[in-house]
Q: 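Mind having a look at this structure? Questions to follow.
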Amino acid sequence: MTTHIGSPAADARRNASPYLYGQEAAAVARVLETGQYGHTEVTEEFEGRVAEFLNVRDAVAVMSGTAALHTALLAIGIGPGHEVVVPSMTFCATVQAILATGATPRFVDIDPATLCVTDQLVMDAVTDRSRAVLPVLFGGRPVDLTRIRKELASRDIVIVEDAAHAFGSSHGPRLVGATGDLTCFSFGPVKNLTCGQGGIVIPRTRDEADTIRRIRMLGVVRSQGERDRTTGYQVEGYGLRYQMSGINAAIGLAQFPHFEDTTRTRRRLWRAYRRALAALDGVRLVDVDPDRSVPHLCQVLIPNRDEVHAQMKASGVGVGIHYAPNHLQPAFARWRRNLPATEQAGAEILTLPFHQYLTEADIDQVVTALGQALTETGATPRAGRSQQ
Ligand SMILES: *Cc1c(COP(=O)(O)O)cnc(C)c1O
C-alpha cells in the first residue's frame with residue numbers, strides 16, 4: 001500500500017474512516033434482504049456477542065455512544081437540579097448527554113500524566129447536588145475510582161463510565177464494562193470496533209437493563225396482555241427513538257471476529273510510535289499501557305502546539321486536536337471553572353494519525369515530520385519531560 005503522507009485528502013479520508021475487514025458489506029446486504037431495518041434479532045445477536053465478550057449478563061444496544069450516555073444517566077434518575085461531575089477534557093458528546101437529561105455538568109480537572117480524572121480530583125469537585133460521576137477513559141486508559149467508591153455510594157452518587165475509547169481495555173483482571181459499574185461504549189466510525197454508528201450500555205442490574213430497553217424504544221413495551229391486543233404495545237414511560245438498527249449491528253458483528261487482530265495491530269502501532277517518539281526532544285507522549293488497553297489515540301504534548309499543528313497540517317499530515325476543553329466552549333461557559341491542568345493540556349495536545357490503515361513506515365514519516373516541525377518552529381526541548 002502506498003503511503004498517504006503528503007496526500008492530505010487521502011490522509012483525511014483514512015483518519016475519519018472506519019477500518020473494515022471485508023465482510024461488513026455482505027453482512028449489511030443480508031440484513032437488507034430481510035426487509036427489516038429496525039431493531040431486529042441481529043441487534044440482539046450483537047448485544048449477546050458483546051455481553052459474551054465482556055462476560056456480563058446484559059448489554060443494551062443503542063444508536064450511538066451519546067445515546068448510551070444519555071439513557072444510562074436517565075436510567076439512574078439523573079434530571080433537572082442534579083449535577084454530574086465530568087472532566088472538561090472529553091468529546092462534547094459527554095457534556096451534551098448530561099445536558100439532555102436536564103442536569104448540569106460539574107467540570108473537574110485531570111491528572112496531566114493520564115488526562116483522566118483521579119479519585120482526589122473527583123472528591124474535590126463533588127457537591128451536595130452531585131448525583132453521578134462520569135469518568136472518561138481517555139485514549140483507552142482505565143480510571144480507578146476504587147478508593148472513593150464507598151464514599152460516593154453513601155452520598156447517592158453513581159459512577160457512569162464513558163468508555164467510548166476503551167472497548168477491550170481492562171481494569172486489573174477484568175475488562176472495562178465487566179467491573180460492575182454502569183459503562184457506556186461507542187461503536188462510532190473511528191472507535192476500536194465500529195457499527196458505523198452505535199453504542200451500548202452495560203447496566204448494573206436487570207432493572208436498569210429493562211429501563212434502558214424501554215427508553216430506547218419510545219417508552220414502548222411490547223405486551224402480550226389482553227387489554228392492548230389490538231395495538232400489541234403499551235407506552236409505559238418516557239422514551240426516545242434510540243434503538244440500534246440491525247443494519248448497524250450487522251457491521252459490528254462482522255467486525256467482532258477480528259477484534260483480536262484489531263487489538264494486536266493497535267498495540268503494535270502504538271509501540272512503534274512510542275519507539276520513534278523516544279528519539280524526539282520537546283514532546284511528551286501521553287502514555288498508555290498497551291498491555292492493559294487497546295490504544296485508541298496517539299497524543300503528544302508540545303509547548304508550541306499551535307505552530308507545530310499548523311506546520312504539520314501544511315505538510316499534509318493528518319494531525320488533530322482532541323479535545324478543546326469543554327468548559328471553554330461557548331455553549332458550556334456557564335459551568336466554567338478554574339481547571340489549570342485541563343487548560344494546559346488543551347493548549348499543548350496534538351493527536352497524531354492513529355488508525356489501522358497505518359504502517360510502521362507511515363509512523364516513521366509522521367514522527368520525522370513532527371521532528372522537522374519542532375525544529376522549524378524553534379520549539380525548546382523541555383528537560384526531563386520527554387516521553388516516559
Ligand atoms: C465518540 C465519543 C462519544 C460519543 O459516541 P458517539 O457514538 O459518537 O455518539 C462520547 N465520548 C467520547 C469520549 C467519545 O470519544
Side-chain angles (χ1 to χ4, degrees), residues 15-19 43 46 50 59-74 84-101 105 107-108 110 114-117 132-143 159-169 176-177 181-202 212 215-216 240-245 247-249 251-252 255 266 286 288 293-299 320-327 329 331-332 342 345-346 349 351 354-355:
N15 275 329
S17 298
Y19 188 81
T43 312
F46 179 68
V50 172
V60 187
V62 289
M63 65 183 292
S64 67
T66 310
L69 291 164
H70 186 197
T71 46
L73 292 171
L74 289 173
V84 178
V85 176
V86 64
S88 168
M89 179 54 73
T90 182
F91 188 37
C92 59
T94 320
V95 184
Q96 296 288 21
I98 294 167
L99 292 173
T101 67
F107 288 121
V108 57
I110 46 172
T114 62
L115 306 185
C116 291
V117 301
V133 174
L134 221 167
V136 175
L137 282 60
F138 202 101
R141 286 175 289 275
V143 176
I159 298 171
V160 179
E161 291 183 314
D162 180 342
H165 296 178
F167 193 71
S169 292
V176 169
D181 279 323
L182 197 48
T183 302
C184 300
F185 293 104
S186 163
F187 303 116
V190 297
K191 297 308 200 298
N192 291 349
L193 186 129
T194 189
C195 290
Q197 291 283 339
I200 216 160
V201 185
I202 310 304
I212 295 164
I215 293 171
R216 74 170 172 191
L240 294 154
R241 178 59 102 192
Y242 266 0
Q243 83 271 28
M244 178 191 282
S245 87
I247 300 169
N248 292 108
I251 298 173
Q255 294 244 311
R266 286 186 166 270
V286 184
V288 309
S293 62
V294 182
H296 178 64
L297 295 167
C298 182
Q299 299 185 293
I321 293 170
H322 303 85
Y323 298 95
N326 282 287
H327 71 291
Q329 295 287 359
F332 309 139
T342 300
I349 201 145
T351 306
F354 189 73
H355 46 78

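For ligands, and for the atoms within them, numbers begin at 1 and follow the listed sequence. Since the structure is predicted, the reported quantities are computational estimates derived from the model, not experimental observations.
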Q: Please tabulate protein-ligand N/O pairs under 3.5 Å for ligand 1, atom names and distances to 0.1 Å.
A:
from     : atom 1 : to     : atom 2 : distance (Å)
ligand 1 : 5 (O)  : Ser186 : OG     : 3.3
ligand 1 : 7 (O)  : Gly65  : N      : 2.7
ligand 1 : 7 (O)  : Ser186 : OG     : 2.7
ligand 1 : 9 (O)  : Gly65  : N      : 3.2
ligand 1 : 9 (O)  : Thr66  : N      : 2.8
ligand 1 : 9 (O)  : Thr66  : OG1    : 2.6
ligand 1 : 11 (N) : Thr94  : OG1    : 3.4
ligand 1 : 11 (N) : Asp162 : OD1    : 3.4
ligand 1 : 11 (N) : Asp162 : OD2    : 2.7
ligand 1 : 15 (O) : His165 : NE2    : 2.8
ligand 1 : 15 (O) : Lys191 : NZ     : 3.2
ligand 1 : 15 (O) : Tyr323 : OH     : 3.3

Q: Please say which of Leu137, Thr183, Leu69 ends up in a side-chain contact (heavy atoms from CB on, under 4.5 Å) with Asp162.
A: Leu69
Q: Kindly write out the residues that satisfy side-chain contact (heavy atoms from CB on, under 4.5 Å) with Ser293, not counting sequence neighbours, or none if the list is empty.
A: Ser169, Val288, Pro295
Q: Between Phe138 and Tyr323, does the ring-ring contact (aromatic ring centres under 6.0 Å, His included) criterion hold? Intermediate values first, please.
A: CA-CA 10 Å; Phe138 202 101; Tyr323 298 95; 5.7 Å; yes
Q: Who are the side chain to side chain donor-acceptor pair (under 3.5 Å) partners of Asn248, not counting sequence neighbours?
A: Ser245
Q: Hey, what's the ring geometry for Phe167 with Phe185, parallel, tilted or perpendicular (30° and 60° as the breaks)?
A: perpendicular
Q: Check ring-ring contact (aromatic ring centres under 6.0 Å, His included) between His70 and all other residues, then give those that pass, not counting sequence neighbours.
A: Tyr242
